[in-house]
Amino acid sequence: MNTQEFNLNKEHKDEMCAQIRQFFLEERGEEIGDLAALMVLEFFTAKLGAHFYNLGVQDSYRYISLKLEDLFEIEKK
């Protein structure tokens with residue numbers, strides 16, 4: 001899985017890369033450039049993105065399932 005599969009637009013990538021650069025500066029005292037931040041983003045997206053995506057799918061399924069159960073409460077008796 002790569003970043004294209006998540007359809008990240010340029011603005012989102014730029015913001016995420018800025019956050020990655022800020023993390024490295026604050027937590028590790030390292031300044032990294034745009035390319036390094038993009039490589040970190042692509043690494044995490046490719047290696048971990050599917051896991052977090054699947055968690056979102058599972059959360060959505062549980063939420064929709066609960067709402068479907070609520071639908072039976074409006075049945076006419």
Side-chain angles (χ1 to χ4, degrees):
M1 189 165 284
N2 59 42
T3 56
Q4 287 80 16
E5 290 175 312
F6 286 101
N7 296 320
L8 299 173
N9 64 34
K10 182 175 177 2
E11 292 77 25
H12 285 124
K13 280 185 184 179
D14 290 347
E15 178 59 32
M16 290 177 189
C17 286
Q19 291 175 6
I20 290 168
R21 287 192 308 276
Q22 188 66 33
F23 171 82
F24 271 81
L25 185 60
E26 290 175 0
E27 298 297 323
R28 301 179 49 88
E30 299 176 32
E31 282 192 39
I32 64 170
D34 293 337
L35 180 58
L38 182 60
M39 291 174 69
V40 169
L41 174 62
E42 290 177 349
F43 170 79
F44 279 102
T45 302
K47 299 296 182 183
L48 304 176
H51 173 73
F52 289 107
Y53 177 85
N54 290 339
L55 287 174
V57 170
Q58 292 166 10
D59 287 346
S60 297
Y61 176 80
R62 280 190 293 277
Y63 176 81
I64 294 298
S65 294
L66 288 172
K67 293 302 171 188
L68 287 174
E69 288 295 320
D70 290 346
L71 187 60
F72 289 114
E73 292 179 14
I74 65 171
E75 281 185 319
K76 303 265 187 225
K77 305 270 182 198

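This one's a predicted model, so the numbers in the text were calculated from it and none came from an experiment. Sequential numbering from 1 along the given sequence is applied to the chain's residues.
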F44-L25 co-clustered via ILVMFWY side chain contacts under 4.5 Å: no
Verdict with supporting geometry, I20 and L38, side-chain contact (heavy atoms from CB on, under 4.5 Å): CA-CA 9 Å; I20 290 168; L38 182 60; over 6 Å; no
Short side-chain donor-acceptor distance under 3.5 Å, H51 and N54: no
Enclosure of E31 CD (heavy-atom neighbours >12, cutoff 6.0 Å): no
Other residues, nucleotides, ligands: >12 heavy atoms within 6.0 Å of R62 CZ: yes
Rounded distance [0.5 Å steps], CE in M16 versus CD in E42: 12.0 Å
From NE2 (H12) to SG (C17), nearest 0.5 Å: 12.5 Å
Hydrophobic cluster identity match, L66 and I64, side-chain contacts under 4.5 Å: no
Derivation of the side-chain contact (heavy atoms from CB on, under 4.5 Å) call for D14 and E11: CA-CA 5 Å; D14 290 347; E11 292 77 25; 5.8 Å; no
L68-Y61 co-clustered via ILVMFWY side chain contacts under 4.5 Å: no
Cluster overlap L41 with F23, hydrophobic side-chain contacts below 4.5 Å: yes
Minimum heavy-atom distance between R21 and A37, given as atom pair plus value: CG-CB, 3.7 Å
Separation between CD1 of I32 and CE of M39, rounded to the nearest 0.5 Å: 10.5 Å
